[in-house]
Amino acid sequence: MTAKKLLIHIGHRNAGAEVLQNTLLASQEVLSDQDIYVPAYATDNHEKFTLGYRQHDEQDTDDFVNGNASPTGAEHDHWSRIADSKETQNCEIVVVSNKSYLRHLSAKTVSRFEQATNCIAEKKEVIAYLRPPGAHFLSLTQQKLSQGKELSPPSRTRVKERIRPLSEAWSGKITLQLFDEQILANGDIVEDFFARHLPMVDTQQLRRPKASDNAPISTEAMALLIDRMHGRLDDTIDPASMIRQIIRVDRKIPEPTLPVLRPAAERTLNNWAAPDLAWLRGRHDVRFPQLDYKDIDCDDVDLSLIHFIDISQICEVNEDRKEALYQKALTRAKLPKIAQHLLANW
C-alpha cells in the first residue's frame, strides 16, 4: 500500500528551510495523528546521500534508471526505507524536507531521483522557495563569510541549472514559491507551507523549536571578514579565532548596519541574473514583485561589483563601528583559547 501524496521540500538553503524543517520534525506526533508521516532521517541525512539515495558508479545508475538492475545498496537508501516503513503504509501523506536537495539536482541525478520516489505515493510534488537575486546573494555571502569560505561570483542561471533537469525527468508536480515576507502567508514560511500544501493541519498545534541564534551579521563584520580574506588584517592571528571573535563581538556592539545592497549593486545583480529571471518567468510564470522586469538588461553589468573586494562597494558601512569592532575582536582573538571561551558570554 502506498501513500496518497508525497511532498518533497527541496530548499532553498537560504530561504527559511531550517525553520520549516525544525517545525516538521518537532511536530511529528501532531502530524502523525492526521496521517502525515515526516521521516527525520531524510532531513538529517547522516549518510550524506544525494537526493535521498546512495551514489553508485555510472553503469549501476544507468541500469537502475532503465529498469535492468537494482544498484548495490539501493535497498538501504532513504526512499526504500520510506516505502517499506509501516508509517508510510498507514499514512496518507509523506513529507520529506531537505534543504540540500535543490543544490543536488543535476542532469546526472534527477533520473534516479524520479525512479527512487515513484514507489512512495500515488502523487508526488517537489516544492522550492526562491529568493530574488540580490537577497539570495547577500544571504549566501554572509553564510560563506561566517564559515570562512572563499567568495565566488554567483551563477547567472543558478535556478535554471537545478530546476530544468528536474522538469525534464520528474513525473510529479513542481511548485516554485517566492520567499518574501509580503507574499508568504502571515509572513512566515511555516504558515505558508501548511496553508498551501497541508491546509487540514491546525498550525496552532505545531511545535516550533526556539529559533537558532543566527542573526545576520552587520556590514561592518562582513567588511572585516572580507579584509581578512584579502590579507588586510593582522595575519599573525589564528584565522578561526579572528572569524569567531568578529562574529561574537558584532552582536554586542550597538547600532549594527544591516546589509542592504546599494542601488547600483542590486541593479547589477538583477541584470547578471537576467537569464535565470527570464527562464523562471517564461517557463514557470515566476515573477519577483520587487523587480521591474522592463528595466533588466543582461548586458548592463558592472563586473567590479560582481567581483567586489570590499563590502563598501555594494553596501553601506559605518567605518567608526567597523574600527571599534576590529579593535575589540582583535584584542579577544589574541587571548589564549580558554580565555576566549570564558569571555564568550560577556
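Two rings, from His136 and His12, have their centers less than 6.0 Å apart.
Taking the charged nitrogens against the carboxylate oxygens, Glu191 and Arg208 do have a contact shorter than 4.0 Å, which makes a salt bridge. With salt bridges taken as basic N to acidic carboxylate O contacts below 4.0 Å, none links Asp77 and Arg81. Using a cut-off of 4.0 Å between Lys/Arg side-chain N and Asp/Glu carboxylate O, Arg228 and Asp235 are scored as not salt-bridged.
The backbone N or O of Ala273 lies less than 3.5 Å from no partner atom in the side chain of Arg156, so there is not a single donor-acceptor pair.
Under the side chain to side chain contact (heavy atoms under 4.5 Å, CB included) criterion, Leu206 pairs with Thr23, Ser27, Leu31, Val190, Phe194, Val201, Thr203, not counting sequence neighbours. In terms of the side chain to side chain contact (heavy atoms under 4.5 Å, CB included) criterion, residue partners of Arg321 (sequence neighbours excluded) are, by chain and number, Ser218, Glu220, Asp250, Ile253, Pro256, Asn318, Leu325.
Cation-pi geometry between Arg112 and Tyr53 is met: the NZ or CZ atom falls under 6.0 Å from the ring centre, inside 45° of the normal.
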Return all side-chain donor-acceptor pairs below 3.5 angstrom for residues 287-294, not counting sequence neighbours, or 'none' if the list is empty.
residue : atom : partner : partner atom : Å
Arg287  : NH1  : Asp285  : OD1          : 2.2
Gln290  : NE2  : Asp180  : OD2          : 3.3
Asp292  : OD1  : Lys294  : NZ           : 3.1
Asp292  : OD2  : Lys294  : NZ           : 2.8
Tyr293  : OH   : Phe288  : N            : 2.8

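Paired with Val95 under the rule side-chain contact (heavy atoms from CB on, under 4.5 Å), one option of Ile127, Leu7, Thr43, Ile8 passes, and it is Leu7.
Side-chain atoms of Lys144 and Ser152 include a donor-acceptor pair closer than 3.5 Å.
Atom CD of Glu181 sits in a sparse spot, with 12 or fewer heavy atoms from other residues, nucleotides or ligands closer than 6.0 Å.
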